[in-house]
Amino acid sequence: MKIIAIHISSMVVLLLFLTASSFAEVNYTSSAHGDNGEGVSRGDLQDNYVTGNCAHCHEQHASMDSVTHAANESLLFSATDSDVVIYSTASNFCFQCHSSAGGVENYDYSATFGSLILSGDSAVAVDSSGATQPSSILDAFNATHGHNLSDVYQYAINNPTLFPSFKAGSNSCTVCHDPHVARRNHSDPTDATLSVISLPDEHGDLFGDGDGDGLSSDGDEGSSVSERMSRWAVAPEYVAPFNEADAVDTPDYNTFCLYCHNEAVATTESYPLHFGSVSGYVLPIDWFDIAGDTGDGNQTGTYVVPGDKHGLNIATGNAAIEAPFGDPNDDSNLENDFILSCTNCHEAHGSDNDYMHRRVINGRPLGVIISGVTSALGQHCFPCHEEDSTIRPNGTMKWKDTHHGGPTASNNDNPYSVNDHSGQCDYCHGSSDQQSVDFPIACEECHYHGSYVDEFDKYSPEGIAQGVKYVTPDNSPYRRKTF
Ligand code: HEC
Ligand code: HEC
Ligand code: HEC
Ligand code: HEC
Ligand code: HEC
Ligand code: HEC
Ligand code: HEC
Ligand code: HEC
């Protein structure tokens, strides 16, 4: 599908002389909004315009029913305030319909794409988490942690080369979506041709639909599968987590999210700071760089830190990961060569968990809200990692065998040794008393995007100067990525 450049000046003409069906060039008729059964339809216009007609969003006269909307961007029936961060039906044009008041229901990734009960070619989405599930896009953005639409607006408007069709007054949802072509993916979550997303520099084209028409940056030129996670079919392989669509039916969210997140992005939100993070920015995500280094890192000379092991880089030795990746309790099935998708862990719009973490990961409801710098953060590692089933009184996992070694998986290449450091537990732990609430160490001291350990730890002059929080492993390799 080729992009048709349309300018606001010609829009009135287009609206008057083009019927919806002659607009098939931009795929409007097969889009969710243009569908003549399920598409756009505002109650007050139903008598005059068929379902799917452009007029349900654009008003070709300066006023309709004596209400003037002419001042709105692109003659839309409602305005968007790109500066607010607590959203209401009136604050964003799209929320006029995509809210419970507006009547269009949508669920989060955890429900629609992450909790599928697959049967044959069709799929039913169920919510199994028991946690609060947003039931509209407005609810998702108003969850505790969401993509800040004002920051998204600023990012797009300040980077015109990356966002060629975004202009002053544009709606921030249209950075990721083109409302003229987005399709009804939730009607069959295992059919990626029903994509809802467009890359910002390929507005007018769907990303993930696999039509092989790639224009510039999306890498799908001539191939039906390369916009999908199936582009990683050989090691490191993408394996769909439990109850999710197969790789071949899942858009390549890595390419999509990294369109913005391969560089630092300014944010007005505040996040828990860890080593290397900077207030006012979310850090670049290094997902594809193996830098001539598969996991362990150079053990001598300067450590050129490679990309994340959850990305293209591979695990060190073995990773004790749950099915469908492996089996943490079977030494012959500890694997180390997978690539994940951003949406395996994150929601795209928002969630009550820190960092928009999903409520349901790898088919398992987390059971708690992930918030703050805390060892409870491990609850979102648990759906995929387990070596140690011991739990704390509050019900969260201890993760002792993972780090100290233990009986469950003899082959677990644990980094630390409990007998080193003269038995001084507080060399690493926050207290020497195991009963103290300060005893467990917060996971984020060592695990986050980009994290690693090397010999310059929190006891070395170099580490102290940099403010690192990690401790060098007792067991080799001492330089390794920890995410
Ligand atoms: C779901 C609501 C919706 C429907 C239905 C819709 N549009 Fe749009 N349209 C938008 C939005 C939102 C924008 C503004 C995009 C932005 O923020 O930059 C827009 C922008 C436009 C523009 C201006 C592009 C520019 O460069 O400024 C034209 C022309 C247009 N639409 C034509 C149409 C036509 C023709 C139809 C029917 C075939 C249609 N639209 C149906 C929401 C809609
Ligand atoms: C940062 C990119 C991004 C922004 C900004 C964004 N979305 Fe999305 N949206 C996505 C992705 C990715 C998906 C597909 C995965 C999913 O449904 O969670 C999606 C899915 C959707 C869906 C379909 C959900 C379903 O049930 O299939 C709707 C509707 C939607 N978005 C509307 C919106 C609206 C309205 C806004 C603005 C208020 C918006 N989006 C802003 C990335 C974005
Ligand atoms: C006039 C009402 C209306 C407005 C305004 C509107 N939408 Fe929609 N939207 C709908 C309807 C109706 C559907 C189809 C719902 C369904 O299939 O269950 C839909 C579907 C979608 C989908 C398809 C995904 C899916 O599976 O549900 C996306 C993406 C989407 N809208 C994004 C947007 C964005 C972005 C905007 C603002 C630029 C917007 N919509 C504005 C009514 C609207
Ligand atoms: C969606 C599943 C999933 C989730 C959630 C997950 N991981 Fe992983 N993790 C994996 C997979 C799969 C690998 C193996 C990667 C590879 O093969 O390169 C891995 C590898 C690792 C490794 C490298 C192990 C080694 O031996 O080199 C570390 C460290 C790790 N994960 C930590 C975490 C932490 C900490 C969390 C929670 C904040 C977490 N993971 C959440 C799936 C997951
Ligand atoms: C295994 C689960 C997992 C996967 C897969 C994953 N993330 Fe994350 N993400 C996390 C965790 C845990 C954090 C919080 C710690 C941190 O800031 O790195 C986080 C934080 C972030 C942040 C905030 C960073 C900051 O500076 O505060 C961004 C942006 C992000 N992730 C984007 C991505 C993108 C883009 C992808 C895909 C290329 C991705 N994530 C894949 C678990 C994951
Ligand atoms: C159009 C650019 C763009 C795209 C595409 C994009 N993001 Fe973001 N993202 C941003 C901006 C801007 C921020 C900073 C504003 C904020 O903190 O919400 C951000 C912040 C984040 C954060 C930290 C904020 C939080 O609330 O936890 C995470 C995590 C994140 N993005 C994940 C993703 C994932 C996953 C995808 C793909 C589904 C994605 N992003 C796609 C622009 C983008
Ligand atoms: C070289 C670093 C290091 C030393 C020394 C160390 N530990 Fe740990 N230990 C860890 C790490 C890392 C974890 C995993 C993070 C966490 O849960 O605290 C851990 C976890 C644990 C846990 C589970 C945490 C919990 O929730 O209660 C226990 C119990 C534990 N260690 C006992 C000990 C004891 C007893 C000693 C002293 C004899 C000791 N450790 C010394 C690194 C160390
Ligand atoms: C003092 C630093 C430190 C802290 C704190 C820490 N870890 Fe680790 N963790 C490591 C190192 C080092 C590795 C080894 C990475 C590797 O396998 O190459 C590791 C490995 C892991 C792995 C991968 C195990 C595998 O199968 O290879 C998981 C999962 C994990 N940690 C989870 C956690 C969780 C959850 C917490 C918080 C409760 C935590 N860690 C706290 C340093 C730490």
Side-chain angles (χ1 to χ4, degrees), residues 235-237 239 241 253-258 260-262 264-265 267 269 271-274 276-278 281-288 294-296 308-322 325-326 334-346 354-358 361-362 370 375 377-385 388 390-392 396-404 412-413 415-430 432 434-435 439-451 470-474 480-483:
E237 187 187 2
V239 170
Y253 288 114
N254 289 334
T255 298
F256 182 77
C257 304
L258 290 169
C260 300
H261 287 293
N262 67 357
V265 169
T267 179
E269 304 276 325
Y271 299 105
L273 295 180
H274 46 64
S277 62
V278 187
Y281 286 90
V282 293
L283 293 182
I285 307 298
D286 188 356
W287 212 239
F288 297 136
T294 48
D296 297 1
D308 286 355
K309 291 171 171 177
H310 288 123
L312 263 192
N313 198 356
I314 71 167
T316 303
N318 305 303
I321 29 179
E322 294 283 358
F325 309 103
L334 301 171
E335 297 195 40
N336 70 352
D337 213 358
F338 296 99
I339 179 171
L340 300 178
S341 152
C342 314
T343 52
N344 289 163
C345 298
H346 294 286
D354 272 4
Y355 300 104
M356 315 197 291
H357 271 101
R358 283 171 45 177
I361 293 179
N362 196 20
I370 309 291
S375 51
L377 192 66
Q379 292 305 104
H380 71 224
C381 318
F382 177 61
C384 300
H385 289 275
D388 175 358
T390 50
I391 53 170
R392 299 192 185 93
T396 60
M397 297 274 301
K398 283 193 165 178
W399 302 97
K400 183 164 179 265
D401 290 3
T402 300
H403 299 89
H404 286 282
N412 70 353
D413 63 356
Y416 299 115
S417 170
V418 73
N419 296 321
D420 287 8
H421 315 291
S422 325
Q424 267 184 285
C425 311
D426 57 3
Y427 186 81
C428 300
H429 289 277
S432 51
Q434 280 190 60
Q435 305 310 317
F439 185 81
I441 321 165
C443 314
E444 296 96 323
E445 295 202 353
C446 303
H447 297 289
Y448 44 86
H449 286 289
S451 66
Y470 57 78
V471 178
T472 303
D474 301 313
R480 21 172 147 173
K481 285 282 297 188
T482 47
F483 202 73

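All values reported here derive from a predicted model rather than from experimental measurement. In listed order, ligands and their atoms are each counted from 1.
Using a 4.0 Å cut-off to heavy atoms of His357, the atoms of ligand 5 that qualify are 10 (C), 11 (C), 12 (C), 13 (C), 42 (C). Atoms of ligand 5 lying under 4.0 Å from any heavy atom of Cys257, numbered from 1 in the order shown and given with element: 35 (C). Against a heavy-atom cut-off of under 4.0 Å, Asp337 is close to the following atoms of ligand 4: 16 (C), 17 (O). Each of the following atoms of ligand 5 lies closer than 4.0 Å to a heavy atom of Tyr448: 15 (C), 16 (C), 18 (O). Those atoms of ligand 5 that come under 4.0 Å of a heavy atom in Leu283, given as number and element, are 25 (C), 26 (O). In the vicinity of Gln434, heavy-atom distances shorter than 4.0 Å reach the ligand 7 atoms 29 (C), 35 (C). Taking every heavy atom of Asn254 and a limit of under 4.0 angstrom, the matching atoms of ligand 5 come to 37 (C), 38 (C). The ligand atoms of ligand 4 that sit less than 4.0 angstrom from a heavy atom of Thr482 are 29 (C).
At least one N, O or S atom of His449, from either the backbone or the side chain, sits less than 2.8 Å from atom 8 (Fe) of ligand 5. Inclusion of His403 in the first shell of atom 8 (Fe) of ligand 7 is not supported: no N, O or S atom falls under 2.8 Å. Note on His310: counted as a metal contact of atom 8 (Fe) of ligand 4, an N/O/S atom lying under 2.8 Å. At a cut-off of 2.8 Å, Cys342 is not counted among the residues with an N, O or S atom near atom 8 (Fe) of ligand 5.
At a 3.5 angstrom cut-off on N or O pairs, Cys428 does not count as close to ligand 7. Looking at ligand 7, you'll find an N or O of Lys398 within less than 3.5 Å of one of its N or O atoms. In terms of N/O distances under 3.5 Å, ligand 5 is approached by His274. Note: no N/O pair closer than 3.5 Å links Tyr427 and ligand 7 by distance alone.
Nearest N/O/S atom of His385 relative to atom 8 (Fe) of ligand 4: this is NE2. The N, O or S atom of His346 lying closest to atom 8 (Fe) of ligand 5 is NE2.
Counting heavy atoms closer than 4.0 Å to ligand 4, residue Leu340 contributes side-chain atoms (C-beta onward) but none from N, CA, C or O. Contact annotation: for His421 versus ligand 7, heavy atoms closer than 4.0 Å belong to the side chain alone. In Lys309, the parts holding a heavy atom less than 4.0 Å from any atom of ligand 4 are both the side chain and the backbone. Within the 4.0 Å heavy-atom criterion, neither part of Lys481 lies near ligand 4. Here Asp474 has side-chain heavy atoms under 4.0 Å from ligand 7, and that is the only part of it that gets that close. When non-hydrogen atoms are compared, ligand 4 lies under 4.0 Å from the backbone of Phe338 as well as from its side chain.
Checked by atom type and distance alone, the side chain of Tyr416 pairs as donor or acceptor with a backbone atom of Val471 at under 3.5 Å. Checked by atom type and distance alone, the side chain of Asn362 never pairs as donor or acceptor with a backbone atom of Cys384 at under 3.5 Å.
Within the 4.5 Å cutoff, the side chain of Asp337 has no heavy atoms near those of the Glu237 side chain.
A perpendicular orientation is assigned to the rings of Trp399 and Phe382, their planes being inclined by more than 60° (bins at 30° and 60°).
Look at Val239 and you'll find every heavy atom at least 4.0 Å from all atoms of ligand 4. Within the structure, the closest approach of Ile321 to ligand 4 falls below 4.0 Å when heavy atoms are considered. At least one heavy atom of Cys345 lies less than 4.0 angstrom from ligand 4.
Ring centers of Tyr355 and His346: at least 6.0 Å apart, outside the cut-off.
Across the listed options Ser341, Gly311, Cys381, Ala320, Cys381 owns the non-hydrogen atom lying nearest to atom 37 (C) of ligand 4.
Shown here is Gln435, whose CD atom has no more than 12 heavy atoms of other residues, nucleotides or ligands within 6.0 Å.
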